[in-house]
There are 2 protein chains.
Amino acid sequence: MLSNSSKYAINAVLYVAVNSSIENKILAKDISRETQIPQAYLSKLMQELTRHNLISSVRGPNGGFYLTDENRGVSLLQIVNVIDGDNRLTSCMLGLHACDHQHPCAVHHLVGDTKTRFVENLEKTTVQDLVSDIKSGKSFLGI
Amino acid sequence: MLSNSSKYAINAVLYVAVNSSIENKILAKDISRETQIPQAYLSKLMQELTRHNLISSVRGPNGGFYLTDENRGVSLLQIVNVIDGDNRLTSCMLGLHACDHQHPCAVHHLVGDTKTRFVENLEKTTVQDLVSDIKSGKSFLGI
DNA sequence: AGATTTAAAGACTTTTTTATCCTTTTTATG
DNA sequence: CATAAAAAGGATAAAAAAGTCTTTAAATCT
Ligand code: FES
Ligand code: FES
């Protein structure tokens, strides 16, 4: 469903969202240590997210990654789309075509609603929403 | 969610289910042509399914693949488990651990029920169920 | 028995994904 | 200005997934 890379990206962004601010930026090294994501690989993902303005960074001393208020409004779907490309989530479960209610494949009914609902959820859920859940103890960060 | 290989496997099994019988076995070559699955690769998958008794085959003239009544009772989950291994579907969406309601990850609530429901559906839906759907026009086979 | 048809099996190649390493650029600070 | 800290970028390596090719074994038919 999600690639490893997307999972890493979401984990990393959430870690930054919870543990940093503009005055208190966080290093790739530290994210890597806390999330167990290999540092160099993580850096690549963060680069990509930065390039698309989904997260923010500055180089040099006291630099690192952080999220602006705008960044906190980014949806999970935006993250996944940047990392995995756009159509990973909208294609048919059996790989026959774009998932199409008009011409449902054999397993479509097993998952159809469910899948579009999942994508809708990814689309409407922002980083900030998840941070709220974590802060309120509704869900957990990390291992 | 499902690997390419699993998608191929389900497609191929359904094709066999709809288009063959014990008197009218079907060749890997023909399945390949109709489903667009590369022949050699398909053969590998079919071999694996045969080895686990999820489908049936005989070699030699008038041989090929077919399904017994028992094979038709096989669940989709059995197919996926043989091809992808057991824990692809039960692991956490963020790859943190086995998905655990007691200790939900940040995206668990977005997908939690949904995912277990999907797995339950795969478990309780048999090849024959899907064939019925196809025959009744509720869903479609192939492209 | 011999020839032919077909799946099974194994070795191999290619592509994609994941991961690492090394260099360059930017920024802050003494 | 020199130095150090950090991300950005590019090249490469390793692992996994997808796909191919060749040989072997089983079944049938003449
Ligand atoms: S058509 Fe295949 S999942 Fe919707
Ligand atoms: S705990 Fe992560 S999906 Fe359930």
Side-chain angles (χ1 to χ4, degrees), chain A residues 1-13 16 20 22-33 35-67 71 80 82-85 87-88 91 95, chain B residues 1-13 16 20 22-33 35-67 71 80 82-85 87-88 91 95:
Chain A
M1 183 94 95
L2 300 181
S3 71
N4 234 297
S5 298
S6 276
K7 296 177 184 184
Y8 282 170
I10 292 174
N11 275 135
V13 170
V16 173
S20 85
I22 185 153
E23 308 87 38
N24 182 26
K25 308 188 188 68
I26 186 163
L27 306 186
K29 184 176 46 164
D30 296 328
I31 304 171
S32 167
R33 179 168 19 80
T35 59
Q36 319 280 354
I37 303 169
Q39 174 171 349
Y41 196 62
L42 172 69
S43 291
K44 279 288 143 69
L45 297 172
M46 298 303 268
Q47 246 174 70
E48 197 68 17
L49 295 174
T50 303
R51 188 137 17 98
H52 286 80
N53 298 306
L54 302 189
I55 64 177
S56 305
S57 71
V58 298
R59 308 194 230 195
N62 290 311
F65 296 97
Y66 66 99
L67 300 190
N71 293 154
V80 172
V82 162
I83 302 296
D84 282 349
N87 56 7
R88 174 151 188 151
S91 63
Chain B
M1 183 94 93
L2 299 181
S3 71
N4 235 298
S5 298
S6 276
K7 295 178 183 182
Y8 282 170
I10 292 174
N11 273 134
V13 170
V16 173
S20 86
I22 184 152
E23 309 86 39
N24 182 28
K25 308 188 188 67
I26 186 163
L27 306 186
K29 183 176 46 165
D30 295 328
I31 304 171
S32 167
R33 179 167 22 79
T35 58
Q36 320 279 354
I37 304 167
Q39 174 169 350
Y41 196 61
L42 172 70
S43 291
K44 277 292 149 65
L45 298 171
M46 297 303 268
Q47 249 174 68
E48 196 68 14
L49 294 173
T50 303
R51 187 134 19 96
H52 287 80
N53 297 306
L54 303 189
I55 64 178
S56 304
S57 71
V58 297
R59 308 194 231 196
N62 291 309
F65 296 96
Y66 66 99
L67 301 189
N71 293 154
V80 172
V82 161
I83 302 296
D84 282 350
N87 55 8
R88 174 150 187 152
S91 62

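Chain A is the first sequence line, chain B the second, and so forth, proteins listed ahead of strands; every chain is numbered from 1.
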Q: A/Y41 side chain: which of D/dA8, C/dT18, D/dG19 is closest?
A: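 Between D/dA8, C/dT18, D/dG19, the one nearest the side chain of A/Y41 would be C/dT18.
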Q: Taking for each residue the nucleotide of DNA chain C bearing the nearest heavy atom, is the 5' side occupied by B/T50 or by A/R88?
A: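 Upstream on the strand: B/T50.
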Q: Of the nucleotides C/dA8, C/dC21, D/dA7, which one has an atom closest to the side chain of A/A40?
A: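 Looking only at heavy atoms from C-beta outward on A/A40, the closest nucleotide is C/dC21.
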Q: Among C/dA7, D/dC21, D/dC29, find the nucleotide with the atom closest to the side chain of B/A28.
A: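 Given the options C/dA7, D/dC21, D/dC29, the side chain of B/A28 is closest to C/dA7.
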Q: Mind checking if A/K44 touches a base, just sugar-phosphate, or nothing, with heavy atoms under 4.0 Å?
A: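 Base, at least one base atom sits under 4.0 Å.
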Q: Counting just side-chain N and O atoms, does A/R51 come under 4.0 Å of either OP1 or OP2 of D/dG9?
A: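 Answer yes for this pair, as a side-chain N or O of A/R51 is under 4.0 Å from OP1 or OP2.
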Q: Would you classify B/I26 as touching base, sugar-phosphate or nothing, given that sugar-phosphate means primed atoms plus P, OP1 and OP2, and contacts are heavy atoms under 4.0 Å?
A: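 Result for B/I26 = sugar-phosphate.
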Q: Once you round to the nearest 0.5 Å, how far does CE of B/M46 lie from CG of B/L54?
A: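 Taking CE in B/M46 and CG in B/L54, the distance rounds to 10.5 Å.
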Q: Whole angstrom is fine here: how far is it from CD in B/Q39 over to P in C/dA7?
A: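 Whole-Å distance recorded here is 8 Å.
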Q: Of the listed nucleotides (C/dT4, C/dT26, C/dA19), which one gets closest to any side-chain atom of A/Y8?
A: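 Of all the options, the side chain of A/Y8 is nearest to C/dA19.
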Q: Taking only side-chain N and O atoms of A/S43, does any of them lie within less than 4.0 angstrom of OP1 or OP2 on D/dA7?
A: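 So the side-chain polar atoms of A/S43 never come under 4.0 Å of the phosphate oxygens OP1 or OP2 of D/dA7.
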Q: In whole Å, I'd like the distance from the CG atom of B/D30 to the P atom of C/dT5.
A: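 It works out to 14 Å between those atoms.
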Q: If you assign each of A/V58 and B/G60 to its closest nucleotide in DNA chain C, which residue comes earlier from the 5' end?
A: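 That would be B/G60.
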Q: Select one nucleotide: of C/dA9, C/dT18, C/dT20, the one nearest the side-chain heavy atoms of A/N4.
A: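 Closest of the options to the side chain of A/N4: C/dT18.
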Q: Is B/S5 near enough to D/dA18 that one of its side-chain N or O atoms lies under 4.0 angstrom from OP1 or OP2?
A: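 Yes, within the criterion.
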Q: How long is the line joining OH of A/Y66 and P of C/dT27, in whole Å?
A: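 My rounded result for the distance is 11 Å.
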Q: So, does the side chain of B/Q47 form a donor-acceptor pair with the base of C/dA9 at under 3.5 Å?
A: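 When only heavy-atom distances are counted, B/Q47 does reach the base of C/dA9 through a donor-acceptor pair under 3.5 Å.
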Q: Under a plain distance cut-off of 3.5 Å, with no hydrogens placed, do B/Y41 and B/S5 share a side-chain donor-acceptor pair?
A: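 Yes, side-chain donor-acceptor contact under 3.5 Å.
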Q: Treating B/K25 as the side-chain partner and B/I22 as the backbone partner, does any N or O pair qualify as donor plus acceptor under 3.5 Å?
A: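 Yes; at least one donor-acceptor contact below 3.5 Å.
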Q: I need the CG-C1' distance between B/L45 and C/dA8, as an integer number of Å.
A: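 Rounding to the nearest Å, CG of B/L45 and C1' of C/dA8 are 14 Å apart.
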Q: Atom CG of B/L27 to atom C1' of C/dT5: distance rounded to whole Å?
A: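 Interatomic distance, CG of B/L27 to C1' of C/dT5: 9 Å.
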Q: What is the distance, to the nearest angstrom, from the CD atom on A/E48 to the C1' atom on D/dA7?
A: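 So the two atoms are 14 Å apart, to the nearest Å.
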Q: Is the side chain of B/S6 donor-acceptor paired with the backbone N or O of B/I83 at a distance under 3.5 Å, no angle test?
A: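 Between the backbone of B/I83 and the side chain of B/S6 there is no qualifying donor-acceptor contact (under 3.5 Å).
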Q: Side chains of B/N11 and B/T35: is there a donor and an acceptor less than 3.5 Å apart?
A: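 No, no side-chain donor-acceptor contact under 3.5 Å.
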Q: Quick one: which of C/dA8, C/dT29, D/dA7 gets closest to the side chain of A/N62?
A: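 The nucleotide sitting nearest to the side chain is C/dT29.
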Q: Whole angstroms only, please: what is the CD1-P distance between A/I37 and C/dT17?
A: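 So the CD1-P distance, A/I37 to C/dT17, works out to 18 Å.
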Q: Hey, which sits more toward the 5' end of DNA chain D by its nearest nucleotide, B/D84 or A/M46?
A: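 Going by which nucleotide is closer to the 5' end, it is A/M46.
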Q: OP1 or OP2 of C/dA8 less than 4.0 angstrom from a side-chain nitrogen or oxygen of B/S57, does that happen here?
A: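 Yes, within the criterion.
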Q: Using a 3.5 Å distance criterion without hydrogens, assess whether the side chain of B/S20 forms a donor-acceptor pair with backbone atoms of B/V16.
A: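 Judged by distance alone, yes, a pair lies under 3.5 Å.
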Q: When you get a sec, tell me which of C/dC21, C/dT18, C/dA7 is the closest nucleotide to the side chain of B/F65?
A: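 Nearest to the side chain of B/F65 among the choices is C/dA7.
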Q: A/K25 has an atom NZ; how far is it from atom P of D/dA6, in whole Å?
A: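 Rounded to the whole Å, the gap is 11 Å.
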Q: Quick one: is C/dT17 close enough that its OP1 or OP2 comes under 4.0 Å of any side-chain N or O from A/S3?
A: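 No, outside the criterion.
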Q: Which listed nucleotide (D/dA7, C/dA28, C/dT6) is nearest to the side chain of A/R59?
A: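 Among the listed nucleotides, the one closest to the side chain of A/R59 is D/dA7.
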Q: Would you find a donor on one side and an acceptor on the other, under 3.5 Å apart, between the side chain of B/S32 and the backbone of B/A28?
A: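 Such a contact is absent between B/S32 side chain and B/A28 backbone.
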